[in-house]
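Since the structure comes first, as structure tokens, the remarks are kept for the end.
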Number of protein chains: 2
Amino acid sequence: MARLPEYLRALHNLAETGHDTVSSEGLASAAGVNSAKLRKDLSHLGSYGTRGVGYDVALLIEQIEYVLGLTQRRAVALVGVGNLGHALAGYAGFATRGFRIAALFDADPSRVGERINGLVVHHIDDLTQIAAAESIAIGVIATPAPAAQSVADQLVAAGVTSILNFAPCVLSVPEGVDVRKVDLAIELQILSFHEHRKASLTSLPATGPAGGLTALPGGLSATGTEEAVGT
Amino acid sequence: MARLPEYLRALHNLAETGHDTVSSEGLASAAGVNSAKLRKDLSHLGSYGTRGVGYDVALLIEQIEYVLGLTQRRAVALVGVGNLGHALAGYAGFATRGFRIAALFDADPSRVGERINGLVVHHIDDLTQIAAAESIAIGVIATPAPAAQSVADQLVAAGVTSILNFAPCVLSVPEGVDVRKVDLAIELQILSFHEHRKASLTSLPATGPAGGLTALPGGLSATGTEEAVGT
DNA sequence: CGCGATTTGTGCACGACTTCACAAGCGCCT
DNA sequence: AGGCGCTTGTGAAGTCGTGCACAAATCGCG
């Protein structure tokens, strides 16, 4: 499940706060999900919770990290050292959560050789060689959209089988290669949609029958993230 | 729906390529979704497609932008000018997709006054005043996790009703405030899970009955993003 | 040793979403 | 003017995820 990393983060927080065990209710609220859902998720990994007590925090962390394949620190290749790539190269969250940026790449010769956060920027043509040497299986694309497909092809050719794509475009990759996409502008546009919806709801308390399509009164469901819940 | 922004991006691409109309099949493949799903989505906004021809690209762009509330350029406040916040402040994708970073904030006094991409960094305490002046309704949190909840409270107090949270923690906000979360490390961890799954599948072609929980052979479904599809 | 409080694990039903398949509608060509 | 091919819009079935509610299990205490 895509929720396991969220549980893992909450568990690490609990461990640092000195908790040895945690109930499904407690962990669920810390991770922002329903307690029943959490229990079902955890039961799917044959988890070891104790009835009447809860889950052993340390053991559960170990279990989830194993399932996520985080027992080994995974090497990641980052392609595109522009605005966003630069920030990702220095993002501390990767290092503290089981990943190691093993190499930086860019197609712009003027950027090759630049040092970022202790790493040298290589030319994209050296990708295959370095990826093999560092046994890199995960690639991050932080290039402009027009270059993304080409970079993806090169990553696949270099043996990368999982890609995190920040470029606003769809990638086509061979079967067996996993792609996850993060589009920062889209996240804002979804929020904008919510804003628009809220605005029309308040200004038009009762939508008259003559109202064409102000903002789809009861149509779109506005899913995608949890609705806010009061403290 | 959360897919509308994706359609919009694909439509803009098509418009620039000179297409006047597009079939549901064509737009669906450009957006990376099923054509039936796309038609159903578009029909929910009472869309104007012509049978036998397809959709008018320009008209559809107009429709979707209206529904998303992008007819006005929305002002966004960005809090936290660290590694990630710095990159977001300079990210061109926001400006080209309907948003304007209206103000930057940070709690560190030594950063206040710094100029980034033509914008001055303000102290977080000035948030309420500036947010009102610029009529800001959307806030972006790019601070470390411990500061995020406090920043969220201040954003809400300043009248912000939609928050994009990059900090790895859950936020509790009053009802009526929408929160979307983007955790970059989690995206990588999900890919790591896929890697782990693929690795155990190839090394263990047939899972013996004695195999405990290698990586949940048929358990977890690995959803969350589309599986790769061949070119 | 037994009982009660507490918490996990899960069967079941409901709802949302996805996908298929097809009827209805539109334009074009003859 | 009429028919044919193409495309939209949608009914219906299937699938998946979610949440409730409860039985099973464990610990602590008397």
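So you know, we letter chains A, B, ... as the sequences are listed, proteins then strands, and number each from 1. Computed from heavy atoms alone, side chains included, the values below leave out hydrogens, waters and symmetry copies. In this text the structure is predicted, and so the values were computed from the model without any measurement.
Looking at every heavy atom in both residues, B:His196 comes nearest to A:Val67 through CD2-O, 3.3 Å. Of all heavy-atom pairs spanning A:Val160 and A:Gly139, the tightest one is CG1-N, 3.6 Å.
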Indicate every side-chain donor-acceptor pair of residues 28-35 of chain B with a distance under 3.5 Å to a residue at least two apart or in another chain.
unit_1  : atom_1 : unit_2  : atom_2 : d
B:Ser29 : OG     : B:Gly26 : O      : 3.0
B:Asn34 : OD1    : B:Ala36 : N      : 2.7

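Nucleotide C:dA5 holds its C1' atom 16 Å from the CD atom of A:Glu25, rounded to whole Å. Taking atom CG of B:Leu45 as the reference point, atom P of D:dT8 lies 14 Å away to the nearest angstrom. Separating the CZ atom of B:Arg3 from the P atom of C:dC17 is a distance of 9 Å, rounded to the nearest angstrom. Here the P atom of nucleotide D:dG9 and the OH atom of B:Tyr48 are 11 Å apart, to the nearest Å. Distance B:His44 NE2 to C:dA16 P: 12 Å, rounded to the nearest Å. At whole-Å resolution of the value, NZ in A:Lys37 and C1' in D:dG17 are 8 Å apart. For the pair B:Leu38 CG and C:dC17 C1', the interatomic distance rounds to 15 Å; values are reported in whole Å. Rounded to whole Å, atom C1' of C:dT19 lies 13 Å from atom CG of B:Asp41.
Considering only side-chain N and O atoms, B:Arg39 lies nowhere under 4.0 angstrom from the phosphate OP1 or OP2 of C:dC20. Of the side-chain N and O atoms in B:Asn34, none sit less than 4.0 angstrom from OP1 or OP2 of C:dC17. Considering only side-chain N and O atoms, B:Tyr55 lies under 4.0 angstrom from the phosphate OP1 or OP2 of D:dG9. OP1 or OP2 of C:dT8 lies within a sub-4.0 Å distance of a side-chain N or O belonging to A:Ser24.
In terms of position along DNA chain D, the nucleotide closest to B:Gly52 lies nearer the 5' end than the nucleotide closest to the other residue of the pair A:Gly52 and B:Gly52. Both A:Thr50 and A:Lys40 lie near DNA chain C, and the one whose nearest nucleotide falls closer to the 5' end is A:Thr50.
Residues satisfying the side chain to side chain contact (heavy atoms under 4.5 Å, CB included) test with B:Ala75, not counting sequence neighbours, are B:Arg100, B:Ala102, B:Ile136.
Checked by distance alone, B:Arg51 brings a side-chain donor or acceptor within 3.5 Å of a matching partner on the base of D:dT8.
Under the 4.0 Å criterion applied to side-chain N and carboxylate O atoms, B:Lys181 and A:Glu6 are assigned as salt-bridge partners.
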